[in-house]
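Worksheet: the structure to be examined is printed underneath.
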There are 2 protein chains.
Amino acid sequence: MVKERYGSAMANKPTATDADGQKPGRALRADARRNRARVLQVAAEIFATEGLSVPVHEIARRAGVGTGTVSRHFPTKEELFAAILLDRMEHLSGQADALAEGRDAGTAFFTFFATLVHEGAQHRGLAEALAGAGYDVETAAAEAGHDVPGRLRTMLGRAQEAGAVRADITYPDVKALMAGCLSREVDDTRADALIRLVAVVCEGLRARPS
Amino acid sequence: MVKERYGSAMANKPTATDADGQKPGRALRADARRNRARVLQVAAEIFATEGLSVPVHEIARRAGVGTGTVSRHFPTKEELFAAILLDRMEHLSGQADALAEGRDAGTAFFTFFATLVHEGAQHRGLAEALAGAGYDVETAAAEAGHDVPGRLRTMLGRAQEAGAVRADITYPDVKALMAGCLSREVDDTRADALIRLVAVVCEGLRARPS
DNA sequence: AAATATACGGGACGGTCATCCCGTTTGTCG
DNA sequence: CGACAAACGGGATGACCGTCCCGTATATTT
């Protein structure tokens with residue numbers, strides 16, 4: 001079953017983060033930095049393959065650390081979710097910038113759309129869980145300079161100006177269609193099924209001569 | 001956050017059900033039938049608007065009955081989910097049959113697709129939760145004579161034969177696209193946003209001259 | 001109207017987790 | 001190499017929730 005309610009304990013807004021996602025005030029000890037990274041990686045993997053309900057104790061056990069270590073680095077489970085997501089955002093915004101230059105607007109948009117779908121397939125439910133807990137992922141990412149939604153929105157606008165995408169499509173429409181490609185309902189999560197779905201959706205989005 | 005693991009307590013397969021969803025062996029007392037219906041209705045409403053994590057105690061309280069009454073009618077929370085879903089399936093399969101006669105195959109398919117999306121918008125997550133608990137909704141519904149997926153699949157096949165839908169589309173593709181239109185990501189759940197999404201998807205599904 | 005089975009209410013129980021705390025270990029700096 | 005702060009581990013704590021139970025109330029039957 002599904003638990004959605006969280007006492008939102010996510011109030012702190014770091015004003016800046018470095019590549020390790022930590023506040024500027026203090027340097028982490030070497031072992032601490034190592035453990036933090038390891039927990040982040042293991043958690044991302046486990047949540048992706050087994051769902052978000054895996055207990056924090058289990059994450060700690062499989063990462064080879066104590067539960068105290070996890071909750072010191074990530075005081076609540078949501079903050080762990082958020083850290084994972086921020087990490088992915090960083091990666092994706094880099095790819096977006098690379099795509100935006102060189103190709104025509106339509107190709108860039110459709111390619112980035114496909115990239116997001118495949119990325120999302122690896123981290124189902126993470127964003128939804130955080131949104132449900134009242135944590136605004138998009139804003140947090142934007143503040144860290146990894147504004148993936150903003151980049152997608154821009155690409156959409158350019159693609160529409162270039163006449164490659166239907167003019168009446170909105171950004172929320174695009175988000176919803178992305179989520180559709182990620183639906184759990186698809187029995188075989190293999191790449192080819194995903195690719196066909198993306199093709200259908202892109203076909204629907206494409207502008208065509210009236 | 002999300003809990004996905006369920007000790008699957010859903011073993012009993014009623015061999016037949018009547019309109020109230022009860023086994024043939026015994027007639028329910030009048031107050032029992034009333035309470036059952038009331039809980040079913042209230043639960044469907046609450047789960048639809050506030051999510052599946054609302055505690056059973058809360059359902060009982062708002063339905064004006066004791067928790068014992070709920071768990072006597074629906075021994076586990078999953079069985080409550082399943083009862084709600086079966087109720088909707090019954091409704092939908094009727095609509096499908098009405099659509100199947102009279103119109104051309106393409107129109108019937110696209111119309112039923114839209115109907116399912118709008119219905120699904122009212123009951124987000126229910127099907128997923130049950131599937132995650134190992135409960136096969138489709139089979140249960142089919143045994144009760146309300147095989148909605150089967151009807152959709154048939155309509156898809158006919159629409160493809162009639163040349164109205166791309167031939168390479170599979171049934172799982174259609175299910176996934178449906179789920180996409182139902183995505184939580186859509187901020188405004190108003191009807192017009194949904195309608196535009198459905199339009200985009202149908203456009204993508206439509207067969208076009210090569 | 002009395003008798004009886006059926007259903008009701010809601011408190012109790014047990015299990016699961018996220019989070020906190022504190023005695024112990026270990027990196028870091030002089 | 002010694003001292004101190006930082007970080008570690010993992011058990012304790014408390015909250016939440018699904019399910020069960022049983023004394024009480026009420027529909028049904030004769």
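A note on names: the letters A, B, ... follow the listed sequences, proteins ahead of strands, and every chain is numbered from 1. Here the structure is a predicted model, which is why all the values come from computation and not from measurement. Every heavy atom of this structure was used, including side-chain atoms; hydrogens, water molecules and symmetry mates were not.
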Taking distance alone, no hydrogens or angles, what donor-acceptor pairs closer than 3.5 Å link side-chain atoms of residues 106-116 of chain A to residues at least two apart or in another chain?
{"residue": "A:Thr107", "atom": "OG1", "partner": "A:Asp104", "partner atom": "OD1", "Å": "2.5"}
{"residue": "A:Thr107", "atom": "OG1", "partner": "A:Asp104", "partner atom": "OD2", "Å": "3.4"}
{"residue": "A:Thr111", "atom": "OG1", "partner": "A:Thr107", "partner atom": "O", "Å": "2.6"}
{"residue": "A:Thr115", "atom": "OG1", "partner": "A:Thr111", "partner atom": "O", "Å": "2.9"}

Would you indicate, yes or no, if D:dA7 has its OP1 or OP2 atom less than 4.0 angstrom from a side-chain nitrogen or oxygen of A:His73?
no

Ion pair check, A:Lys175 and A:Glu138, cut-off under 4.0 Å:
yes

CG-CD distance between A:Leu40 and A:Glu45, expressed to the nearest 0.5 angstrom
11.5 Å

Once you round it to whole Å, what is the distance between C1' of D:dG10 and CZ of A:Arg62?
18 Å

Strictly under 4.0 angstrom, non-hydrogen atoms only: write out the protein contact profile of nucleotides 21-30 of chain C, one letter per nucleotide from the 5' end, B, S or -.
-----BSS--

Roughly how far apart are B:Ile84 CD1 and B:His123 NE2, rounded to 0.5 Å?
8.0 Å

Rounded to the nearest 0.5 Å, how far apart are NE2 of A:His146 and CD of A:Glu90?
4.0 Å

Provide the closest heavy-atom pair for A:Val174 versus A:Ile169 in the form atom of the first, atom of the second, distance.
CG2-CG2, 3.8 Å

Could you state the atom-to-atom distance from CD1 of B:Ile46 to P of D:dC17 in whole Å?
14 Å

Integer-rounded Å distance: C:dT16 C1' and A:Lys77 NZ
11 Å

What is the distance from CZ of A:Arg36 to P of D:dA6, rounded to the nearest Å?
18 Å

To the nearest Å, how far apart are A:Ile59 CD1 and D:dG9 P?
15 Å

A:Asn35 vs D:dC8: side-chain N/O to OP1/OP2 distance below 4.0 Å
yes

Taking the nucleotide of DNA chain D with the nearest heavy atom to each, does B:Phe74 or A:His57 sit closer to the 5' end?
A:His57

Rounded interatomic separation in angstrom, taking CG from B:Leu52 and P from D:dC17:
14 Å

Distance check needed: C:dC20 P versus A:Glu79 CD, whole Å only.
10 Å

Does the separation of the ring centres of A:Phe81 and A:Phe47 fall below 6.0 angstrom?
yes

Ignoring the backbone of B:Thr69, work out which of C:dC8, D:dT19, D:dA7 is nearest its side chain.
C:dC8

What is the distance, rounded to the nearest whole Å, between atom CZ of B:Arg61 and atom P of D:dG18?
14 Å

